[in-house]
Amino acid sequence: MTKTHTSRSDIDRYLRVDHAGERAAQQIYKGQLAIMKNHAMGPEIQHMMEQEVEHLEAFETLLNERQVRPSLLDPLWGAAGFALGVATAAMGPKAAMACTIAVEEVIGEHYQKQAENLGEDEASLKKIVEKFRDDELEHRDIAIDHDGENAKHYDMLRAVIQRGCRTAIKVAEKI
Ligand SMILES: [Fe+2]
Ligand SMILES: [Fe+2]
């Protein structure tokens, strides 16, 4: 059953964490591009990065409209994302794709949960969240198609990155 009313505190949390996540996401791809610009995957990564910038801008607008403050750790999320992008790309193209699979899987789930928790009063926000969920899952699929699952130490890499993402989500909802 769909809720009719979404609480203000849920909206605050959702917008703050989503904005922080998109800050990190676009920086991950910028970090990967810093290393892989001339790689065959370059244009695909560029495409994903551009979508993350659109996502970020959408949440920037929403934060302003709803008067929600961004995460106080905003610069940290950006720096962490960039570092993750650079580090995985430096390990090789498959590791970069493994990073994308790991991150986008978590973000896809995260948006799915939010969409389910948004009430009927937030139909337009729900639509945005669902669209972004689909974009993130498309990014995951691109990375699967490009052999991310065959990266060296894939299971470990995925587990470590996903643990980091889940922790960051919990922190960014609050701080
Ligand atoms: Fe995104
Ligand atoms: Fe994405």
Side-chain angles (χ1 to χ4, degrees), residues 11 13-37 39 41-64 68 70-71 73-89 93-118 124-149 151 157-158 160-173:
I11 296 288
R13 245 175 346 119
Y14 291 174
L15 295 181
R16 181 173 307 125
V17 68
D18 293 354
H19 177 261
E22 297 298 349
R23 166 76 67 213
Q26 47 106 28
Q27 287 297 109
I28 290 174
Y29 293 121
K30 282 181 185 163
Q32 292 186 343
L33 279 172
I35 298 211
M36 294 175 66
K37 208 162 193 98
H39 187 270
M41 282 295 300
E44 297 261 44
I45 299 175
Q46 179 79 26
H47 159 74
M48 297 192 279
M49 189 271 281
E50 281 163 12
Q51 280 185 321
E52 306 301 3
V53 170
E54 276 174 35
H55 297 172
L56 177 66
E57 286 171 355
F59 284 115
E60 242 155 35
T61 304
L62 282 160
L63 285 182
N64 277 316
V68 177
S71 169
L73 303 175
D74 194 50
L76 174 68
W77 305 128
F82 192 80
L84 180 62
V86 168
T88 51
K94 284 182 190 170
M97 292 301 118
C99 169
T100 298
I101 297 172
V103 170
E104 300 291 12
E105 220 169 55
V106 172
I107 305 185
E109 274 170 30
H110 167 79
Y111 280 143
Q112 176 60 31
K113 268 192 240 157
Q114 274 188 8
E116 287 167 10
N117 274 311
L118 285 166
S124 72
L125 180 56
K126 186 173 176 158
K127 239 192 219 151
I128 294 172
V129 167
E130 285 172 340
K131 156 83 169 68
F132 292 178
R133 173 203 61 200
D134 292 345
D135 289 348
E136 313 304 7
L137 295 177
E138 185 204 310
H139 298 166
R140 179 203 59 190
D141 292 342
I142 290 172
I144 290 174
D145 288 345
H146 287 86
D147 238 13
E149 289 168 320
L157 204 57
R158 176 171 171 273
V160 169
I161 292 171
Q162 292 196 334
R163 195 170 315 133
C165 289
R166 294 201 167 101
T167 306
I169 286 172
K170 281 196 192 132
V171 174
E173 280 180 343

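Indexing begins at 1, ligand by ligand and atom by atom, following the structure's order.
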key: Donor-acceptor contact below 3.5 Å, side chain Glu149 vs main chain Ile144   = no

message = Quick check against the 3.5 Å criterion: does Gln26 have a side-chain atom that pairs as donor or acceptor with the backbone of Leu56?
response =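 Not a single qualifying donor-acceptor pair exists.
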
inquiry  = I need the OE2(Glu52)-the Fe ion (ligand 2)-OE1(Glu136) angle, rounded to 10 degrees.
reply    =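 It comes to 120°.
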
task = Kindly give the atom name of the N, O or S atom of Glu104 closest to the Fe ion (ligand 2).
result = OE2

task = Considering just N/O/S atoms, say which atom of His139 is closest to the Fe ion (ligand 2).
result = ND1

task = Kindly give the atom name of the N, O or S atom of His55 closest to the Fe ion (ligand 1).
result = ND1

ask   = N/O/S atom of Glu22 under 2.8 Å from the Fe ion (ligand 1), yes or no?
value =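 It does; at least one qualifying atom falls short of 2.8 Å.
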
task = Indicate whether any N or O donor in one side chain lies under 3.5 Å from an N or O acceptor in the other, for Gln46 and Glu50.
result =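 There is such a pair between these side chains.
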
query = Are a donor atom and an acceptor atom from the side chains of Asp18 and His110 found within less than 3.5 Å of each other?
reply = yes

query = How are the rings of Phe132 and Phe59 set to each other: parallel, tilted or perpendicular (split at 30° and 60°)?
reply = perpendicular

